[in-house]
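This report concerns only the one structure given below.
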There are 2 protein chains.
Amino acid sequence: MAVKRNGGQGKRPPRVEATAQAGRKPGGEPSLSLERIVATAVELLDAEGIEGLKMRQLADRLGAGVMSLYWHVGNKEEVFDLALDAVFAFLDQPQTDDVEDWRKGVVRMLEDWRAIMLRHPWSASLLPRRALGANILGRLETMSEALSRAGVADADMNVAIWSLWNYVLGATVTRASFALSDADQAAGQERLSALSERYPTIERTRLLLDSDWDGTFRKGLDVLLDGLPRG
Amino acid sequence: MAVKRNGGQGKRPPRVEATAQAGRKPGGEPSLSLERIVATAVELLDAEGIEGLKMRQLADRLGAGVMSLYWHVGNKEEVFDLALDAVFAFLDQPQTDDVEDWRKGVVRMLEDWRAIMLRHPWSASLLPRRALGANILGRLETMSEALSRAGVADADMNVAIWSLWNYVLGATVTRASFALSDADQAAGQERLSALSERYPTIERTRLLLDSDWDGTFRKGLDVLLDGLPRG
DNA sequence: ACCTGAACACCGTTCAAGT
DNA sequence: ACCTGAACACCGTTCAAGT
């Protein structure tokens with residue numbers, strides 16, 4: 001599922017598929033497995049955020065000793081890689097082949113992408129730092145195909161894909177972190193008042209108070225899609 | 001210079017301006033100061049990256065004990081905040097008031113912004129996570145003014161500013177991290193070969209091999225600027 | 001094939017002082 | 001007003017075993 005596993009040296013081979021008795025402990029608890037580790041890591045990241053993921057706590061939740069994790073996983077970095085790609089697994093069918101409504105399809109894909117990252121706010125900030133996993137590449141592929149059908153020439157494809165990627169990533173990362181750091185919204189307000197003289201335009205347009213994230217996202221996306229060069 | 005200082009409790013007030021003998025130790029070494037701390041933190045971040053910044057090492061470079069830092073700074077987070085905003089200080093004059101060439105001015109500002117973040121690759125990934133410092137707000141203000149003069153209505157300003165912000169941020173964050181993680185470019189190539197069947201469109205358009213970052217950035221930016229609603 | 005505890009190296013920060 | 005060393009709590013990971 002993941003492209004690379006067991007980071008670098010890997011003194012021991014990771015587990016092979018099913019060696020017959022891989023099932024569950026007598027107790028009833030399913031024994032450790034990559035799948036369980038990754039799923040629990042996602043839970044933990046959702047609950048505690050990106051620096052709330054500790055190997056010890058992860059092991060605790062799994063009812064195992066810390067070091068047991070290291071048989072399945074090379075190091076903590078790998079847990080991040082796997083959790084990240086896991087979140088981008090496809091759930092629903094890739095959109096229909098409706099050539100007419102390429103745009104609706106593309107918007108749907110990008111909003112889906114954004115929704116996932118907002119549901120797992122750690123994923124947006126992790127995304128650029130990590131290698132692209134299979135699911136992420138799959139999404140880029142589906143996206144490229146849709147744009148290709150819509151008439152975007154191969155020569156323009158990189159600009160198209162990267163522009164959309166950049167936009168979605170930037171929007172989501174910003175939104176996710178604003179939502180978090182506005183725990184101190186009080187401080188934000190206070191600062192904003194002191195601001196009015198030095199930043200009149202920001203004050204006038206209420207830039208920092210815009211809370212219509214979805215609408216603003218969609219409008220900017222429309223600008224981008226309108227401008228894509230298509231044959 | 002920074003908007004907030006001394007995080008929360010702050011048992012001791014931070015240093016006030018000049019208390020006369022604030023100069024240098026007899027030895028010649030300038031004594032510790034917020035400015036020196038921040039400047040050295042930026043150096044260290046440039047050299048070692050975002051998780052290469054350790055308080056002990058920072059203190060070492062400054063020829064001081066670790067705990068000396070904590071008189072000037074509340075905690076490590078604050079060092080990040082200050083370093084980030086420091087990097088965005090204005091160096092050259094804000095562009096001329098040439099209303100005709102608003103576009104040239106805006107492009108110049110955004111490319112400047114991007115250049116800064118590429119020069120300090122840690123800054124791009126830090127930017128969304130931290131409160132906006134004075135320099136960053138100043139740049140947003142200048143940007144808003146330019147767009148306003150160019151005919152963007154106040155009602156459209158948020159979409160305009162956030163779209164550009166998202167785009168630049170996403171582009172830079174992606175580019176900076178690709179540059180880093182392509183230390184393992186070998187692995188990237190190998191993966192790409194195994195890919196060709198499963199990701200034919202990506203393979204055909206050579207998405208992951210596009211190295212014309214500057215050109216791609218500029219073209220996408222043009223699409224965005226073309227589409228901005230202006231009165 | 002899979003799991004484990006003890007131990008190490010490292011790091012941010014508190015504390016109680018020093019000048 | 002400014003700096004400091006010792007100590008604490010915590011964390012990722014190595015090692016040498018266990019079954």
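Bear in mind the structure is a predicted one, so any value in this text is a computation, not a measurement. Chain A is the first sequence line, chain B the second, and so forth, proteins listed ahead of strands; every chain is numbered from 1.
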Handout entry: Phosphate OP1/OP2 of C:dA1: any A:H72 side-chain N/O under 4.0 Å
Key = no
Handout entry: Distance, rounded to the nearest Å, where A:M67 contributes CE and D:dA16 contributes C1'
Key = 12 Å
Completion exercise
In whole angstroms, the gap separating C1' of D:dA16 from OH of A:Y70 amounts to 17 Å
Exercise for the section: Kindly say whether the aromatic ring centers of B:F88 and B:W113 come within a distance under 6.0 Å. Expected result: yes
Practice task
State, to 0.1 Å, how close A:S144 and A:M157 come at their nearest heavy-atom pair, and which atoms those are.
Solution key: O-CE, 3.4 Å
Problem - Rounded interatomic separation in angstrom, taking CG from B:L58 and P from C:dC10 - result: 18 Å
Problem - Donor-acceptor contact present, side-chain B:T216 to main-chain B:W213, <3.5 Å - result: no
Practice task
Rounded off to whole Å, could you give me the CE-to-P distance for the A:M55 and C:dC11 pair?
Solution key: 18 Å
Exercise for the section: With salt bridge (Lys or Arg N to Asp or Glu O under 4.0 Å) as the test, would you mind laying out the steps for B:D85 and B:R130 before giving the verdict? Expected result: CA-CA 10 Å; B:D85 203 54; B:R130 314 246 131 244; over 6 Å; no
Exercise for the section: Please round to the nearest 0.5 Å and tell me the distance separating atom CD of B:E111 and atom CZ of B:F217. Expected result: 6.0 Å
Practice task
Toss me the dot-bracket line for DNA chain D: Watson-Crick and G-U wobble, both under 3.5 Å, 5' to 3', using | for pairs to another strand and [ ] for crossers.
Solution key: ||.|||||...|||||.||
Exercise for the section: State which of D:dT4, C:dC11, C:dC3 makes the closest approach to the side chain of B:K54. Expected result: C:dC11
Handout entry: Separation of the P atoms in D:dC2 and C:dA16, to the nearest angstrom
Key = 22 Å
Exercise for the section: Would you list the pairs meeting salt bridge (Lys or Arg N to Asp or Glu O under 4.0 Å) in which at least one residue belongs to residues 37-52 of chain B, sequence neighbours left out? Expected result: B:E43-B:R61
Problem - A:W71 CH2 to D:dA16 C1', straight-line distance once rounded to whole Å - result: 18 Å
Exercise for the section: Could you please spell out the steps behind the side chain to side chain contact (heavy atoms under 4.5 Å, CB included) verdict for B:R56 and B:D60? Expected result: CA-CA 6 Å; B:R56 285 171 221 260; B:D60 271 3; 5.7 Å; no
Handout entry: Between C1' of C:dC10 and NZ of A:K76, the distance in whole Å
Key = 14 Å
Exercise for the section: Check the distance between D:dT13's C1' and A:N75's CG and give it to me in whole angstrom. Expected result: 9 Å
Completion exercise
In whole angstroms, the gap separating P of D:dT14 from CG of A:L69 amounts to 13 Å
Handout entry: Residue mapping more 5' on DNA chain C - nearest nucleotide basis, A:G65 or A:R56
Key = A:G65
